[in-house]
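First comes the structure, then the notes that go with it.
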2 protein chains.
Amino acid sequence: MEKDICLTTCVDQQRVARVVQGLPAEPLLLGAAEIFKMLADPNRLRLLHALAQEELCVCDLAELVETSASAVSHQLRLLRTARLVACRREGKMVYYRLDDDHVGRLLREGLRHAEEG
Amino acid sequence: MEKDICLTTCVDQQRVARVVQGLPAEPLLLGAAEIFKMLADPNRLRLLHALAQEELCVCDLAELVETSASAVSHQLRLLRTARLVACRREGKMVYYRLDDDHVGRLLREGLRHAEEG
DNA sequence: ACCTCACCTGAATGATTGTTCAGATGTTTA
DNA sequence: TAAACATCTGAACAATCATTCAGGTGAGGT
């Protein structure tokens, strides 16, 4: 790595140190990246946006994004383990909903930014 | 696809139709997914968080995330084409900053959600 | 003009990710 | 209990992404 060259010339150590101090803790960064990763797919955004409006079952969601129930199930598992959605079984069917409305807020914020860009 | 089976049994067409209506337009969804994709990497989060505090050059940023200037340059290009950061040349060096503070807001919102989850 | 340095780019490799398919689980109804 | 159905899971394949390396650009100093 050419770090040695760079270190002595253009890197402003003070500036870097200052900024490093301000960085969020490692687990926080990883957690946030994980959440954003879940939001980084149009189909998952559709699912989440739909669930922000009302509770839906896997079958409805599959219809919504025009794919197989299996594929949706995989996506939902990801969203579930990331704590973005929660589910509730009613007979044969499983109904999903947003876990809380932080998610909805993030979603809206992202869409708003997309509108303006 | 087993849509035909499913359609006649468990899919609530009305519910799906209602939710489909509420979905954001296609380009908006794609745009938002694109933005979230940029935020879905710990190193890029570090870069953005740092740039939210102050303007930094490529070399500083490489030092910050402990990687090569080339790798950072690639990342910065992604962030630049996604309009999340902007840059300014001063002599040999190029200084980067956040393009606007929507980005900062998204970042904070994501981190806050990570804290609570 | 030349050399050095900060930064950028394109192509290739290696790692992650998404989807599909086949089969498993658990629930209802007959 | 057996059959039908909604959903879940694991493994394999395809696509997508990040990093590296080698070379290229443009600014400054000598």
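Per chain, numbering begins at 1; letters A, B, ... match sequence-line order. In what follows, every heavy atom counts, from backbone to side chain, and hydrogens, waters and symmetry copies are set aside.
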Can you tell me if Asp101(A) uses its side chain to pair, donor with acceptor, with the backbone of Gly104(A) under 3.5 Å? no

Between [atom2] on [N] and [atom1] on [X], what's the gap in Å once rounded to a whole number?
| X | N | atom1 | atom2 | value |
| --- | --- | --- | --- | --- |
| Lys37(A) | dC17(D) | NZ | C1' | 11 Å |
| Arg88(B) | dA6(C) | CZ | P | 17 Å |
| Lys92(A) | dT29(C) | NZ | P | 7 Å |
| Arg80(B) | dC8(C) | CZ | C1' | 8 Å |

Per the atom types in the model, does the base of dT7(D) pair as donor or acceptor with the side chain of His74(A) at under 3.5 Å? no

At less than 3.5 Å, do the side-chain atoms of Ser70(B) and the base atoms of dC8(C) form a donor-acceptor pair? no

If you assign each of Glu90(A) and Met38(A) to its closest nucleotide in DNA chain C, which residue comes earlier from the 5' end?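 Looking at the nearest nucleotide for each, Met38(A) comes out on the 5' side.
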
Result for 5'-nearest mapping on DNA chain D, choosing between Arg89(B) and Glu34(B), is Glu34(B)

Minimum-distance nucleotide to Cys59(B) side chain [options: dT19(C), dC17(D), dC7(C)]: dC7(C)

Measure from the side-chain heavy atoms of Cys10(A) and tell me the nearest of dA6(D), dA6(C), dC8(C).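 Closest nucleotide to the Cys10(A) side chain: dA6(C).
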
Phosphate oxygens OP1/OP2 of dC7(C): is one of them under 4.0 Å from a side-chain N or O of Arg77(B)? no

Do any side-chain nitrogens or oxygens of Gln75(B) fall under 4.0 Å of OP1 or OP2 in dT19(D)? yes

Any side-chain donor paired with an acceptor under 3.5 Å for Glu109(B) and His113(B)? no

Base, sugar-phosphate, or nothing for Tyr96(A), non-hydrogen atoms under 4.0 angstrom? sugar-phosphate

Could you check whether Leu61(A) gets within reach of a base, just the sugar-phosphate, or nothing at all, counting any heavy atom under 4.0 Å? nothing

Test side chain to side chain contact (heavy atoms under 4.5 Å, CB included) on Gln13(B) and Glu63(A); report intermediate values, then the result. CA-CA 9 Å; Gln13(B) 292 291 357; Glu63(A) 174 82 2; 3.9 Å; yes

Any side-chain heavy-atom pair from Arg46(B) and Glu26(A) closer than 4.5 angstrom? yes

